[in-house]
Amino acid sequence: MEYNFRAVEKKWQAYWAKNKTFKAENNSSRPKYYVLDMFPYPSGAGLHVGHPLGYIASDIVARYKRNEGYNVLHPMGFDAYGLPAEQYAIQTGTHPAVTTEKNIKRYREQLDQIGFSFDWEREVQTCDPKYYKWTQWTFIRLFEHWFDKTQNKARPVSELIKFFNEFGSSGVSAANDEHEPFTDEEWKSWPEERQQEMLMNYRLAYLSETMVNWCPALGTVLANDEVKEGFSERGGHPVERKKMKQWSLRISAYAQRLLDNLDHLNWSESIKEIQRNWIGRSEGAAVYFPVKDHDKAIEVFTTRPDTLFGSTYMVLAPEHELVSELTTEEQKAEVEKYVTWAKNRSERDRLAEVKEVSGVFTGSYGINPLNGEEMPIWIADYVLSGYGTGAIMAVPAHDSRDFAFAKNFNLPIIQVVKQKNEEIISTEDWKESYDAMDGIMMNSDFINGLEVADAIQATIKKLEEKEVGYGTVNYRLRDAIFSRQRYWGEPFPIYYKNGVPYPLEVEKLPLELPDVDEYKPTEKGEPPLARAKNWFTEDGYPLETNTMPGFAGSSGYYYRYMDPHNDKEYFSKLANQYWRDVDLYLGGDEHATGHLIYARFWALFLFDTGMTVEEEPFKRLINQGKIQGRSNFVYRVVGENKFVSYHKRKEYKTQRIHVDINLVHNDILDIDAFRNWMPEYKNAEFITEDNGKYVCGWEIEKMSKSKYNVQNPDDLIKEYGADTFRLYEMFLGPIESHKPWDTQGIEGVSRFIRKFWRLFHDENGNFHVADEKPNNKELKVLHQTIKKVKEDIDKLSFNTSVSQYMICVNELTDLKTNKKEILEPLTILFSPFAPHITEELWSLLGNDESIAFAEFPEFKEEYIKESSFEYPVSFNGKMRFKIKLPLDMSKDKIEKAVLEDERSAKYLGNQPPQKVIVVPKRIVNVVVAK
RNA sequence: GCGGAUGUGGCGGAAUUGGUAGACGCGCCAGACUUAGGAUCUGGUGCCUUCGGGCGUGUGGGUUCGAGUCCCUCCAUCCGCACCA
């Protein structure tokens with residue numbers, strides 16, 4: 001009887017569900033192992049073959065760890081808030097909850113087919129009030145905390161208020177927005193509203209007027225990581241900069257800790273590097289430049305304070321707050337024209353015209369605080385409002401952008417750094433700037449002759465002495481904008497009293513998402529929640545109408561899995577003390593700057609407030625590679641309904657057309673199916689290869705509907721079964737590399753599964769396993785496999801484990817093994833990869849319990865020990881023949897045996913060897929003169 | 001431009017501290033069984049060859065008895081960031 005995967009897989013999936021086989025217990029004396037997948041957004045398209053790749057890998061680890069005796073937490077849930085369901089709602093009026101629920105159901109069915117060992121009792125859905133209650137709760141906690149730079153951690157706002165009452169604002173070292181300092185007396189004299197307004201400068205979740213990424217097409221603002229090259233990541237709509245009042249999270253306060261902790265994480269170097277770049281730490285100095293005939297000063301951030309004497313002009317970003325104030329009457333018209341032009345230029349245009357130099361003079365002058373020189377203040381969009389202070393001191397001699405600008409507008413260029421024996425050429429003759437990272441200072445007063453590094457330190461010291469600047473660190477990482485003008489998201493647990501925001505009492509949570517008549521913004525441009533009836537507190541105060549962004553729900557879901565049914569707390573302290581952190585986290589690298597930063601921030605905050613025992617949430621991170629599509633092509637003769645096979649296409653003038661991969665097997669086109677594919681091909685003619693077959697061309701491309709190369713896992717599972725599907729996805733290649741999906745190879749894996757099944761059955765298909773003692777050969781291959789598989793799973797090198805299983809089964813087939821003492825351990829060994837067939841065989845072997853908790857076989861060195869080794873013998877590095885010698889043979893004897901071998905004579909000629917290298921258990925290399 | 005990664009048969013990919021390059025699978029070739037083969041099984045399969053052997057891990061060089069692996073040079077591809085002061 002052939003292996004009937006359909007019946008077997010269904011049977012065991014039902015068994016696992018019924019027996020709750022994979023339910024994880026919080027009370028356990030066993031060591032814990034937490035293996036997590038990034039939970040999916042349930043899109044309408046369902047799972048494609050790329051999704052399960054990571055899930056299969058994590059499932060193998062989860063199952064392996066159970067066999068190893070760990071208490072495994074392996075949950076799954078859904079990142080259920082998101083734009084597609086809402087866009088669909090706007091178009092059709094269908095409530096996003098309905099769409100989402102439908103999609104989740106479909107995802108669940110697809111996942112269940114693959115035989116994952118998820119503990120579904122712990123499922124979380126971000127749109128479930130029982131879950132988002134804790135998202136809202138965390139938001140309130142963030143609102144009620146500020147960041148103390150001295151202690152380098154979050155502290156309650158109540159402590160800050162106490163401090164203000166006693167000392168005013170001086171002496172508080174906080175991550176905060178700038179404000180005028182105040183005394184304790186002033187603080188106490190202020191009315192409630194004024195105090196609240198001040199506290200807003202400190203809160204970790206705060207409301208402020210900020211420059212945001214506004215996406216008109218989506219009708220909402222977006223966080224920085226949701227914008228790619230001036231377009232929204234979802235949908236690809238243009239994004240513009242706009243000033244709006246928005247909620248933000250003060251993630252920048254954690255920049256240094258987010259950076260430092262990276263060093264201790266077992267993540268891929270590339271992801272860590274992406275995060276380092278995103279955080280973008282740079283050391284330098286803040287310098288204040290007084291403005292001539294003004295009481296204002298311009299603050300500038302520079303990494304090169306040593307070049308202060310080479311700074312000849314200043315530049316403000318067009319959005320800089322002092323622009324209008326510093327513009328003189330004569331320049332007003334021109335400046336306004338420029339600012340308007342710069343503002344209306346889309347982000348896209350700006351990026352495309354990087355090389356274009358543009359700018360305008362304000363008419364004002366800044367004063368160099370160290371030498372009193374006057375520096376014209378310009379406005380130019382090569383200075384970004386979003387980085388540093390939005391203003392720079394320009395050093396054209398040593399910065400290429402400043403140089404180009406200075407050349408264009410005829411501004412002076414002063415060289416201040418030179419190499420040791422450099423011949424000085426007038427800067428007027430320079431063709432490009434000299435971007436000197438090191439060298440010796442010149443034209444620079446008190447730092448002349450110093451090395452750059454020393455000059456930087458000396459300058460900072462001087463700036464601090466004169467109180468015109470200070471050494472500081474700047475980060476590229478901006479606070480995360482947390483408001484969305486959308487319907488399908490978590491409502492903010494915030495209401496407004498006299499325009500001042502207050503958090504709801506915790507007992508009032510969750511604040512449930514209200515129903516609305518339409519999912520669009522109101523006529524007045526308010527968010528959809530403004531349409532809700534009675535969107536007020538019990539006392540009649542209006543509730544916040546923004547909702548939270550997609551990353552709100554995904555920032556802390558991994559904690560909720562630890563204790564998902566707790567309705568008193570986010571999660572209990574005890575649960576957290578047991579599960580601690582995620583041991584292995586799998587997901588795509590597209591979350592490098594979004595989710596993985598926000599989640600780490602969320603975790604740091606919870607840690608600071610004593611909620612958790614581990615500072616970092618994800619100990620080890622693996623990014624599974626993307627699965628690319630493999631497209632097939634047919635070649636149509638131009639102007640005719642005639643198609644030429646691949647190898648003859650050059651004889652005609654042809655046009656390459658994508659053909660549905662389902663009509664092609666091993667690059668051979670099913671001509672009849674092709675004719676029926678589209679009416680226009682009904683009467684198509686074919687010029688085939690000489691063997692009568694039509695061969696298609698192929699190419700690796702992105703998987704997409706329009707390329708007809710999308711592989712749906714359901715079809716494959718129907719045809720080959722889940723075990724084969726799992727095995728094949730793992731067999732494709734290393735988990736982290738991107739790889740093309742090519743179904744051709746799945747046949748081989750399917751053959752292997754059947755071959756494995758046959759080991760347990762006789763020619764007539766009857767289950768037949770013998771109780772005989774195994775021989776050395778059988779034990780050897782078993783133990784080699786135990787060793788290899790264990791090592792490979794630890795390394796997450798799943799493709800090579802599959803190879804080893806194949807080698808093992810091939811060998812056991814050759815040995816005609818059907819002995820229980822070999823096959824039973826092999827079954828356990830194989831169960832993490834192919835759980836269904838192994839459960840079936842395990843039960844046929846007479847076991848009553850699931851194989852999920854069977855003890856993983858122990859590797860015994862003695863079975864793979866060899867007494868002899870077949871030495872490859874090389875002459876001058878080229879392998880010539882092999883010789884089998886005992887392993888305990890001495891080097892001298894090996895050398896002798898090799899040289900005396902009759903085959904050696906040919907390579908030695910008549911001369912004695914110059915040298916013989918013998919590496920025991922490796923190789924023999926004989927060096928002979930040429 | 002900066003940063004990161006990767007280059008091995010027709011294809012996906014193996015290869016411990018430097019030690020038999022191409023495991024395993026696909027594909028292909030031949031054979032067996034078959035009414036049939038897009039089923040199954042067996043054998044072969046890096047390239048060239050005058051059948052002695054020669055050449056082979058992106059390029060060129062180096063270290064070494066020995067290099068896919070280490071060092072230097074260049075090239076290509078992919079990814080990330082990008083007027084970051």
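Quick note on labels: first sequence line is chain A, next is B, and so on, each numbered from 1.
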task: State whether A:R476 places a side-chain N or O below 4.0 Å from either non-bridging phosphate oxygen (OP1 or OP2) of B:rA82.
output: yes
- request: Apply side chain to side chain contact (heavy atoms under 4.5 Å, CB included) to A:F309 and list each qualifying residue two or more places apart in sequence or on a separate chain.
  value: A:L370, A:N371, A:V416, A:S444, A:D445, A:F446, A:I447
field: Partners meeting salt bridge (Lys or Arg N to Asp or Glu O under 4.0 Å) with A:K790 (sequence neighbours left out)
entry: A:E68
message: Which residues pass the side chain to side chain contact (heavy atoms under 4.5 Å, CB included) test with A:D792, not counting sequence neighbours?
response: A:K788, A:K795, A:S797, A:T800, A:S801
field: Partner residues of A:S803 under the side chain to side chain contact (heavy atoms under 4.5 Å, CB included) criterion, sequence neighbours left out
entry: A:F731
message: Please list all pairs meeting salt bridge (charged side-chain N to carboxylate O under 4.0 Å, His left out) that have one or both residues in residues 803-815 of chain A, counting only residues at least two apart or in different chains.
response: none
- request: Scan nucleotides 24-46 of chain B nucleotide by nucleotide, 5' to 3', and note B when protein non-hydrogen atoms come under 4.0 Å of the base, S if they reach only the sugar-phosphate, - if neither.
  value: BSSS----------B-SS-----
message: The criterion is salt bridge (Lys or Arg N to Asp or Glu O under 4.0 Å); which residues satisfy it with A:D399, sequence neighbours excluded?
response: A:R401
Check: residues 741-748 of chain A side-chain donor-acceptor pairs under 3.5 Å, at least two apart:
{"unit_1": "A:D742", "atom_1": "OD1", "unit_2": "A:Q744", "atom_2": "N", "d": "3.1"}
{"unit_1": "A:E747", "atom_1": "OE2", "unit_2": "A:Y720", "atom_2": "OH", "d": "2.9"}

task: Using both pair distances under 3.5 Å as the test, note the stems of at least 3 consecutive Watson-Crick or G-U pairs that include RNA chain B.
output: B:1-7 with B:75-81, B:10-12 with B:24-26, B:27-32 with B:40-45, B:46-48 with B:53-55, B:60-62 with B:70-72
statement: Residue set satisfying salt bridge (Lys or Arg N to Asp or Glu O under 4.0 Å) with A:D901, at least two apart, ordered chain then number -> A:R903
task: With sequence neighbours left out, write down each residue that passes side chain to side chain contact (heavy atoms under 4.5 Å, CB included) with A:D672, or none if nothing qualifies.
output: A:D670, A:R675
message: Does A:V300 reach a base, just sugar-phosphate, or nothing at all? Heavy atoms under 4.0 Å.
response: nothing
task: Quick one, give me the B/S/- string for nucleotides 47-65 of chain B, reading 5' to 3', where B means a protein heavy atom under 4.0 Å from the base and S means that only happens at the primed atoms, P, OP1 or OP2.
output: -----SSSS---------B
